[in-house]
Number of protein chains: 2
Amino acid sequence: MDVTIYEVAKRAGVSIATVSRALRGTGPVAAKTREKVLKAVEELNFTPSRLGVSLAEGRHAANGVVFPDLAGPYYTEVLLGYEEVASELGRSVVILSTKGRTRVNDLIKDLAGRVDGLLVFGHAAPDPLIAELVRLGVRLVVISRDPLPGADTLRSENTASARALAEHLAGHGYERFAFLGAPLTSGDDVDERWRGVRSVLGGAIEAVATREYTVECGFDAARALLKDRRPEAIVCSDDEVALGALLAAEELGLDVPGDVAVTGWDDIMAARHARPALTTVRQPMRELGARAARALDELITGVRDTPRHLILTTELVVRASCGPHPQEVRT
Amino acid sequence: MDVTIYEVAKRAGVSIATVSRALRGTGPVAAKTREKVLKAVEELNFTPSRLGVSLAEGRHAANGVVFPDLAGPYYTEVLLGYEEVASELGRSVVILSTKGRTRVNDLIKDLAGRVDGLLVFGHAAPDPLIAELVRLGVRLVVISRDPLPGADTLRSENTASARALAEHLAGHGYERFAFLGAPLTSGDDVDERWRGVRSVLGGAIEAVATREYTVECGFDAARALLKDRRPEAIVCSDDEVALGALLAAEELGLDVPGDVAVTGWDDIMAARHARPALTTVRQPMRELGARAARALDELITGVRDTPRHLILTTELVVRASCGPHPQEVRT
DNA sequence: TGCATTTGTGTAAGCGCTTACATCAGCTCA
DNA sequence: TGAGCTGATGTAAGCGCTTACACAAATGCA
């Protein structure tokens, strides 16, 4: 891994410029010369140093991604979609997890210095930092949050889907609801969902916090809620919290949906396999990642230079956990 | 992000060497000079170009990781442990997912060219490629597979734990077993587990393949198995497959562990929350990642230059899914 | 006070590439 | 047959840093 273009040039009896041209296919090279070069490359096992190339080209050919954590399928699915497209576009992906880290801002700035563009999950970086990155000219796509100036934002639709979900539940005849989700950060996905359902259900729904968006936290919060003042339906901020709620109900000997209906959000794989299968809102997670990678590519290559705010559509997926509802089709 | 050390030097009225020294703390710099430099850095919002630094230092300050996929907690947990320690050591992490990719070898070699060292999950890269990387002098840690020459390997203990698990199940009085796991690749973790249980149970256990190590595949394979010729106990290659088996049993109206016992491997969070809670073997996933990062650091810095093969200890975790067993302690 | 250190700073040579520009054959075509 | 091309190659100037080395100024000590 430490043979340089000079050695190849010497061995092939040409200049380094010719080697470079032969390898990249830029500029004309005589067939015979190319042969010689390729032979030398082969013999020496030469691979151009990424650092040299990048420094000369003035680009990293790498994208960054900042996430709080990797717990659960949401982050990993988005990440995989992102990595796949980035790879397709010839870019590597450099990751940074912020949960439990100190000096997050420094870490993120450092990351920004080693990539051509950055994907940031909504809650993984504080707003002032985002603003600073924008000011520094970092190419940025922020995911799962409301639009902000200077950066692309990308999210799935929340409000309308939340209203649809709420209306569906209301159609079951339920009258006392709870929204089980983490502390609401204004403008993030969960906040939008909460606003959406509340706009339909009004005072009939109360918000209940969980520590995090995990099965465990959903379990704890749901158990407390169900013991204390059982609502007829629990709308959860996401599928994992909902899975926790299902477990809590089971532990308390409650039937879902007989005693309490439960819904999730995201449509992760486990939602379909849960018992009862989870009514949820399907959000295109891979697609989010893929779009982010493409958006970043546009910003980096300069095809586009004004921020764009994209919202992907979602789909209400009705399954057993919200109760019998003959009009709807099950998946 | 495009202000260079030259501009800082000019503004501070010093040479670029002094700027570099002031910023890195290498070599002596007068307090007053440092002030001037820091002021200029501040005003210009200077961040040293990572490419320039890396090229000059001759190191990327980045590690790579190659995984097949990110499905389930195993990969993400290892990855997070790895990233955390790498970050602590001042190294970024560049990821590469190989599942469904064409030209994997090229992708991996490309990755090798942009990092100082590589963590590779056992099944993510073909053996010949590993050998080639070793030959090229790539610093390498391979995880979850048997030792191979030239590279560090790192895994959790399998054989003894598998025997312990098998003996535990035999102690319940079960006599007909199935091992539910993916097609066995010689030398990988699952293969070791299979060999371990078989060494105890002999002809009483049969191997049943799953397409992948996922809940879904576990579900499908288990359903087929349970319908066809129900064993008394199903030893699963990992927790996710086991969760699938639990779901299959439930769908078929079978009681676990009454009608069939089920065990997993890994002790992912869902194992504890499953109903019944899953008997499994706890493997220190974060620790694996963390160790890999440290091992790589040793190889990169040259503290150590001979390969090391490390095996971390595991722990049998007995829960309800294998049936009542008063002698053991439940967690 | 003079000499040997130490301290502070600058100069310049890399690190490994890409590419603009210069050069020079060998052709084409009038 | 020579002007004008085109094609093939080399030269050298970056890209943005780090650091060995040189050197001048400041300091220590006898």
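Every chain is numbered from 1, with letters handed out A, B, ... down the list of sequences.
Ion pairing of A:K109 with A:E132 is present here, as a side-chain N (NZ or NE/NH1/NH2) and a carboxylate O approach within less than 4.0 Å. Ion pairing of A:R11 with A:E7 is absent here, as no side-chain N (NZ or NE/NH1/NH2) approaches a carboxylate O to less than 4.0 Å.
At the heavy-atom level, B:A17 lies under 4.0 Å from base atoms of the strands shown.
The phosphate of D:dT18 (OP1 or OP2) has a side-chain N or O of B:R24 nearer than 4.0 angstrom. Between B:S15 and the phosphate of C:dG10, there is a side-chain N or O to OP1/OP2 separation shorter than 4.0 Å. Distances shorter than 4.0 Å separate some side-chain N or O of B:T33 from OP1 or OP2 on C:dT9. Taking only side-chain nitrogens and oxygens, A:S20 comes nearer than 4.0 Å to OP1 or OP2 of C:dT18.
Here the options are A:D191, A:D189, A:D127, the test is salt bridge (charged side-chain N to carboxylate O under 4.0 Å, His left out), and the partner is A:R145; only A:D127 passes. Across A:M285, A:R291, A:Q283, a single residue satisfies side-chain contact (heavy atoms from CB on, under 4.5 Å) together with A:E287, and that is A:R291.
For a distance-only test at 3.5 Å, the side chain of A:Y6 fails to qualify as a donor-acceptor partner of the base of C:dC15. Counting atom types as modelled, A:R21 pairs a side-chain N or O with a base atom of D:dG10 as donor and acceptor under 3.5 Å. Within 3.5 Å, no donor on the side chain of B:R34 pairs with an acceptor on the base of C:dG8, nor the reverse.
Computed from coordinates, the B:I5 CD1 to D:dT18 C1' distance equals 8 Å when rounded to whole Å. Distance CD (A:E7) to C1' (C:dG16): 11 Å, rounded to an integer number of Å. Taking atom CZ of A:F46 as the reference point, atom P of C:dC17 lies 4 Å away to the nearest angstrom. The distance between atom NE2 of A:H60 and atom P of C:dC17, rounded to the nearest whole Å, is 18 Å.
For B:V53, taking side-chain heavy atoms from C-beta onward, the closest of the listed nucleotides D:dT18, D:dG16, C:dC17 is D:dT18.
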